[in-house]
Every structure is written in C-alpha cells, then in structure tokens.
Amino acid sequence: MTSEKSSSRTFAARFFVCMAAMLLILAAGCAPKGPLPGQRIAGAPVADLQELSQDPRDYVSNDASTSLGSERQHEFYEKFLTRFFGPWRMTRSAHTAQEALWGLERYGSQPGYGENTLRRGPEFMDELRRESRPEAFPSEARRAITLRNTSMRVLPTNRPYFEDFDKAGEGFPFDYFQNTAVWVGTPVFISHVSASKAWLYAETAFASGWVPAEDVAFVSDSFVDEYQTGDYAVLVEDDVPVTDPGGRYVFTAHVGAVFPRFGHEDAASAGGYDVMVPVADTEGNAVIKMARLKPTDAVVMPLTFTSRNVAEVARVMVGREYGWGGLYEDRDCSSLLKDLFTPFGVWLPRNSRQQSKVGVATELKDLDREAKKERIIAEGLPFRSLLHMPGHIMLYLGEREGEPIVLHAVWGLRTKSEEGAEGRKIIGRAAITTTSPGMELELVQRSGYDLLTRIDIMNDPLARRAPKPEQDATAGKDGQ
C-alpha cells in the first residue's frame, strides 16, 4: 500500500513538472517580441499633458484682437439661424442616390471587420443594400426634428465597420459607418426610408445620413412657425439632463444644442430659461413641450465672442473622451470646434478640411518648422485662429515659452518601434498641448510624426474675405 502511494505521488509530481514546462514553452512561443502593429503603446505619459495647464482659462490674455464687434457677430448669428433651420425650407433631397448612398459602393466589395474583430461575410453588405433601397431613392420628402441625440450613419445599421484591427490606427474607435452625432432639437429633412422602415435618411445643414426612425418626429407647418421664435438658448455644459415642468426626464443635452425660448425673462431672476423642446405624439409627429434650463447650463444666443467666453465654454470640453464621428456622444476634432463656436452664433462646417476654408486662410505648408512656428505666433489670434493639418484641426490658444499652444480632440500619436512596427500613443481626449506633443518620447520621435511639420493652413473663421476683383470681360485664359 505504501509503495502504491509513493508511486502515485511520483507520477503526480512528474505530471505537474511536465505541464509547467509545457506552459513555459507555450508562453515563450506566444509572447510578443515587441508591440503588435495595431497595439496602443504604454510607457511614459505625453509630457504636454503633465506640464501644461488643461484649463483654457489660464491662457486668456487681455488682447482684444480676438473679440468680435456686436454688429459683425449679429451677421454671423443671422447666417447661423438661416443654415440651422435650412432643412425646413427644403422640398426635395439635395443629393442623388449615388451621393446619398455612397457607402454601398465604397464598402460593397469589402465588408470589413465587426465588433468581434473578425472579418464579415459578403451577406452583411448584401443585407444593407436591400435595406437601403437605392433603386427607390428618394422615397420621401418630409420635414422633421431630432427628439434625442442620435448617431447619423453611413448605412442603415448600428453595426460598426472597422478596418483590420492589426493595423496601427485602425479598429476601435474608427467605425467608418459612423458619420456624425446629431444633437437633439436639430431640424432635418427626411428624403428616404429603409426597407424595414426602421431607418430614415436625414439631411441636416451640416451632414446627411441614416438615423433611427424612433429618434425623429415629423413637423407640421404650424410646428415650424411656432418653433422658430427668433430667440434661442444654447447649452454651454455637457451631459445636462433636461426635464419638463413636472420634473420628468426628457433627454440629455450637450454643448451646442439649441432650443427656442419662451418669453424674454432674465435668466438670473427667473431661475433659468424656459425653452421649447420637441417630443413625439402617438402618430410620430412632433409637438412642443416646455422645459427649463438652469442659468449655469445655458445662455441666450449669441454669447459675446471674447477669449474669456470661448475659454469658459472650452473648459467644459477639455478632458472629455475622444469620439470618432461623435461616437458615444463624444467629439472628434471638428465636432469639438463646431460645438465650441455654436454658442457664439458662428456656424462651422462639420469636416476639418471644410473648417479650414472658412474666413481668411494663410498657407503654411511651404514653411520650415521654425518659420511656421514663428508665423503662427506672430499672426495667430488666440481662441480664434484654427490650425489645420491633413485629417485634423486645432484651436490656437496662444504662445507659451516660444511654443504655440492648441486645444484639440486627438486620438493618438504615431509611434514606431526599433523593429519598425507602427503603433499609437493614445491621448484619447480633448486636450491642450503644444503643436509637437509627445516628441520627447523616443517611439514618437522615431515615427517622424510631428504635428507642427504637418500643419498646412492657419485660418481666421471670423475674418472677412476680401472681395474678389472684377474680371475683365475681354480677358482670355490666364488673363492673356
């Protein structure tokens, strides 16, 4: 009996030793020898985020060059309202079927990767083609309004479209079916209905795409007339729970959401702003409900454009997570600036390249690094000038110790390992940095991806463009 127990113990010991050895071999064989191509890079934090104040109010100076005269600001505000309510003046789609449903051609032959990181089969896009009904576009022509914050999609699905997760800068959060977030209370024109009727093709003043049918309600002529009061309040805080007079929750609103006011009482004496908000009746039509906004959450449009006021609004946005295309109601670079300028009644397009064309632009791409920096500091207007590089845009805040300081929503900085593998140093939020964040890190240096060297345009979106000279009617090609 003793011999049998001893033999059993010996076998068990040998078994566990062998298993441990196998696990070590497997672990050694599976362990990555360096960062995987699409992997985020850990290590030391980006110095700018540690050393620079993340409160934009700390960068405000007494320079009056940023300010905008009341008459000029009123001009911007009138144009803002014209664009904002523009979809309600539409009678037909502004797009052809090919323009509206471009995603079918762009992604039709390559279904991409799903949320499980696996490649999708061709049936995924086949179903989206059936749901989109391109042969019937446009099938609708009705005015509507968003009832809640919604995601505008390239194709009628909430399923994501990712590129290869193993590629640096791909995978989460870059869902290419995500077009933009659309805030509650946005006027839209509905030009198409999906096969299931679960999705509507909506055209706003700044973007077009598919939204869930449950997120919008159709508006009547009387609703449109009543809703356009000419007197509006705009949110200057994020994640604001809006309630009706009975204290019941209606929706959550963010910086940049616009609502008509009831009456003209002073907010401080009235305890807030009484505003109109849209809700749906049982037939899916919009009706007006009253709600109240706290005086700390909203202001009467337009808020006076000064550096200090811009900094106060920007303060709310700094530190908020990066949201590609408004994913999860967060912001990417261009949506941050669009929402930031909205309380001042200044309309910016949704796309970074389009934003760089607003106002008066200065070309910087042919300047070397130091000359570009000097030009930005010498001519840039703090809290007003925009700095553009391909695929990205930033707000210039001023200069600190010879370095331009910017506010931007940024996902990550390119990195490269010693073996040449590309990766990303994630920032993942709206942050205040220099125009060369992360360049103290060897992995970022090795990538050669300095934001400053890629900046190609500085523009003042509030400046008047000089009138174009009248062309001589007798002039030929090239004026000859």
Side-chain angles (χ1 to χ4, degrees), residues 54-60 66-68 70 73-74 76-77 80-81 83-84 146 148-149 181-186 206 229-243 250-277 291-321 323 326 329-348 350 382-384 395 397 407-409 429-432 461-462:
Q54 295 299 297
D55 187 338
R57 295 173 296 185
D58 291 338
Y59 299 89
V60 175
T66 297
S67 300
L68 193 64
S70 59
Q73 187 165 4
H74 182 72
F76 277 105
Y77 182 45
F80 179 98
L81 295 179
R83 291 193 175 188
F84 183 72
T146 52
R148 58 187 65 88
N149 302 319
V182 181
W183 290 158
V184 58
T186 300
F206 57 90
T229 64
D231 185 11
Y232 304 94
V234 60
L235 270 290
V236 290
E237 287 284 344
D238 269 337
D239 302 321
V240 175
V242 177
T243 58
V250 185
F251 50 70
T252 295
H254 302 293
V255 173
V258 176
F259 303 102
R261 291 181 65 199
F262 272 122
H264 304 278
E265 302 90 349
D266 178 72
S269 60
Y273 300 102
D274 290 329
V275 296
M276 301 178 184
V277 298
R292 170 154 289 198
L293 303 176
K294 296 178 182 178
T296 53
D297 292 337
V299 296
V300 175
M301 290 185 77
L303 180 61
T304 303
F305 194 98
T306 65
S307 294
R308 187 162 300 281
N309 283 342
V310 175
E312 285 289 347
V313 179
R315 168 191 58 83
V316 175
M317 301 175 169
V318 175
R320 191 176 180 98
E321 286 84 350
E329 299 180 20
D330 293 319
R331 298 179 178 90
D332 56 23
C333 61
S334 58
S335 61
L336 181 145
L337 295 182
K338 180 172 178 57
D339 287 348
L340 176 58
F341 277 71
T342 290
F344 304 95
V346 176
W347 181 272
L348 288 183
R350 177 62 179 83
F383 292 91
R384 178 166 160 169
L395 177 68
L397 299 186
L407 165 66
H408 53 149
R429 62 184 184 271
I432 294 173
L462 305 184

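Residues passing the salt bridge (charged side-chain N to carboxylate O under 4.0 Å, His left out) test with Glu321: none are found, sequence neighbours excluded. Scanning for side chain to side chain contact (heavy atoms under 4.5 Å, CB included) contacts around Arg308 gives Val60, Thr306, with sequence neighbours left out. Listed by chain and residue number, Phe80, Phe84, Tyr232, Val234, Met301, Thr342 satisfy the side chain to side chain contact (heavy atoms under 4.5 Å, CB included) test with Val258 (two or more places apart in sequence, or in another chain). With sequence neighbours excluded, the residues forming a side chain to side chain contact (heavy atoms under 4.5 Å, CB included) with Thr146 are Thr150, Val182, Thr186, Val188, Val216, listed by chain and number. For Asp297, there are no salt bridge (charged side-chain N to carboxylate O under 4.0 Å, His left out) partners, not counting sequence neighbours. Partners of Glu329 according to the salt bridge (charged side-chain N to carboxylate O under 4.0 Å, His left out) rule, which considers only residues two or more places apart in sequence or in another chain, do not exist here.
Aromatic rings from Phe383 and Phe344 are positioned such that their centres are separated by 6.0 Å or more.
Residues His408 and Leu395 fail the side-chain proximity criterion, which asks for heavy atoms closer than 4.5 Å. Taking 4.5 Å as the limit, some side-chain heavy atom of Val318 sits within range of a side-chain heavy atom of Leu407. By the 4.5 Å heavy-atom criterion applied to side chains, Arg429 and Gln54 are not counted as neighbours. The shortest side-chain heavy-atom distance between Leu303 and Val313 falls under the 4.5 Å cut-off. For the pair Pro461 and Phe341, the minimum side-chain heavy-atom distance is below 4.5 Å.
Of all heavy-atom pairs between Pro382 and Ser307, the closest is O-OG, 3.8 Å. The minimum heavy-atom distance linking Ala311 with Pro56 is given by the pair O-CG, 3.5 Å. Residues Leu336 and Ala409 come closest through the heavy atom pair CD1-CB, 4.0 Å. Gly326 and Asp332 get closest at one heavy-atom pair: N-OD2, 4.4 Å. Between Ala430 and Met317, the closest heavy-atom pair is CB-O, 3.4 Å.
The closest donor-acceptor contact from the side chain of Asn149 to the backbone of Ala181 lies at 3.5 Å or more, if one exists at all. For Glu237 (side chain) and Val316 (main-chain N/O), no donor-acceptor pair under 3.5 Å exists by modelled atom type. When atom types are taken as modelled, the side chain of Asp274 and the backbone of Phe262 share no donor-acceptor pair closer than 3.5 angstrom. At least one donor-acceptor pair under 3.5 Å links the side chain of Asp238 to the backbone N or O of Val255. Ser334 places a side-chain N or O within 3.5 Å of a backbone atom of Arg350 that can act as its donor or acceptor partner.
If you take CG on Leu293 and CZ on Phe259, they are separated by 7.0 Å, rounding to the nearest 0.5 Å.
No more than 12 heavy atoms of other residues, nucleotides or ligands shown are found within 6.0 angstrom of CZ on Arg83.
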